[in-house]
Amino acid sequence: MRFLNLTIICLLITWPVPGANAQSSLESAEQSFRYINTTLQTFRNTGRLVNNPGIDGSDLEAFMDLLEFYFKQFSSGFNANSPMCRFYRDPENGRMTIEERAEFSFSLLRDLDERIQRYIAIDEDFQNEVADEFGTFLLDNINEIKTESVSNQQLPSSEFDEAGVISFIDSVCV
């Protein structure tokens with residue numbers, strides 16, 4: 001009986017809580033996006049890899065290509081050439097209020113649940129590719145660095161109010 005009670009307690013402690021893993025995965029995806037965006041922006045501005053996670057000179061080009069690829073994957077629905085941004089910037093839509101234009105533009109993104117699942121999948125692919133291409137040591141370093149990354153861009157991974165939608169679109173559709 002004591003063994004059965006201990007087994008039940010162990011199962012309850014280790015049993016996954018619905019949504020808990022998804023939340024940490026979404027958080028990881030958001031952190032990865034910020035890390036990728038910040039690293040690319042800094043590299044473009046300075047030509048240096050600030051907060052180098054352990055990339056040596058021979059791997060730098062391949063690493064930057066990998067970051068560029070995953071930035072495009074994350075931002076495909078809201079980059080400057082996306083339908084969302086093209087509609088928002090289209091002068092033909094100038095008769096609409098900015099609020100109407102932003103609301104319609106934002107509605108061109110995938111459903112929130114679909115976006116979240118996509119970001120989680122992209123993050124998983126990113127982490128797997130970093131581990132495969134550069135090793136788990138580098139991945140561990142990136143996962144440590146990315147928690148401190150700050151970016152002026154964010155993933156549209158939550159519901160925004162009207163001002164949030166306008167702010168988000170203004171930040172990505174430049």
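Panel note: side chain E100, backbone T97; a donor-acceptor pair is recorded below 3.5 Å. Remark: the backbone N or O of T42 is paired with a side-chain donor or acceptor of T46 at under 3.5 angstrom. Remark: side-chain polar atoms of D56 are paired, donor with acceptor, to backbone N or O of D59 under 3.5 angstrom. Under a 3.5 Å cut-off, the side chain of R101 and the backbone N or O of Y88 do form a donor-acceptor pair. In terms of modelled atom types and a separation under 3.5 Å, the side chain of R34 and the main chain of V150 share no donor-acceptor contact.
Under the 4.5 Å side-chain contact rule for hydrophobic residues, F69 and L155 share a cluster. Hydrophobic clustering, with ILVMFWY side chains joined whenever heavy atoms are under 4.5 angstrom apart, keeps V50 apart from L67. L112 and F168 end up in different hydrophobic clusters when Ile, Leu, Val, Met, Phe, Trp and Tyr side chains are linked at under 4.5 Å.
Scanning both residues, M84 and S105, for their nearest heavy atoms gives CG-O, 3.0 Å. Among all heavy-atom pairs drawn from S25 and I120, the shortest one is CB-CG2, 3.8 Å. Closest heavy-atom contact between T39 and M64: O-CE, 4.3 Å. Of all heavy-atom pairs spanning S76 and R118, the tightest one is OG-NH2, 2.9 Å. The nearest pair of heavy atoms linking Q73 to I122 is O-CD1, 3.3 Å. When all heavy atoms of E103 and V165 are compared, the closest pair comes out as N-CG1, 4.4 Å.
Side-chain contact between S32 and Y70 is absent, with no heavy atoms from C-beta onward closer than 4.5 Å. A heavy-atom distance below 4.5 Å is not found between the side chains of L108 and F78. Counting heavy atoms from C-beta outward, C85 and V172 have side chains that approach closer than 4.5 Å. Side-chain contact check for L66 versus F134: some heavy-atom pair is nearer than 4.5 Å. Side-chain atoms of N37 and N152, non-hydrogen and from C-beta on, do get closer than 4.5 Å to each other.
E144 CD: 12 or fewer foreign heavy atoms inside a 6.0 Å radius. In the displayed structure, R48 atom CZ is contacted under 6.0 Å by at most 12 heavy atoms of other residues, nucleotides or ligands. Under a cut-off of 6.0 angstrom, the local environment of CD in Q127 is crowded, with over 12 non-hydrogen atoms contributed by other residues, nucleotides or ligands.
Note that CD1 of I169 is 7.5 Å distant from CG of L109, once rounded to the nearest 0.5 Å. Residue D125 holds its CG atom at 10.5 Å from CG of D132, rounded to the nearest 0.5 Å. Note that OG of S158 is 8.0 Å distant from CZ of R115, once rounded to the nearest 0.5 Å. In this structure, CD1 in I142 is found 12.5 Å from OG1 in T147, a value given to the nearest 0.5 Å. Rounding to the nearest 0.5 Å gives a distance of 6.0 Å between CZ of F63 and CG of L49. With rounding to the nearest 0.5 angstrom, the CD atom of Q153 is 9.5 Å from the OG1 atom of T38.
Considering only residues two or more places apart in sequence or on other chains, R95 meets the salt bridge (Lys or Arg N to Asp or Glu O under 4.0 Å) condition with none of them.
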Step by step, work out the side chain to side chain contact (heavy atoms under 4.5 Å, CB included) result for S28 and K146.
CA-CA 9 Å; S28 175; K146 77 181 188 180; 2.9 Å; yes
Could you please spell out the steps behind the side chain to side chain contact (heavy atoms under 4.5 Å, CB included) verdict for S157 and L26?
CA-CA 8 Å; S157 59; L26 177 58; 3.8 Å; yes
Worked check of side chain to side chain contact (heavy atoms under 4.5 Å, CB included) between N79 and K72:
CA-CA 8 Å; N79 64 36; K72 288 176 182 174; over 6 Å; no
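Annotation: F74 is not in aromatic contact with F126 [ring centroid separation under 6.0 Å not met]. For Y119 and F33, the ring centers are positioned 6.0 Å apart or more.
Residue pairs meeting the ring pair (Phe, Tyr, Trp, His ring centres under 6.0 Å) criterion with at least one member in residues 34-62: none, sequence neighbours excluded.
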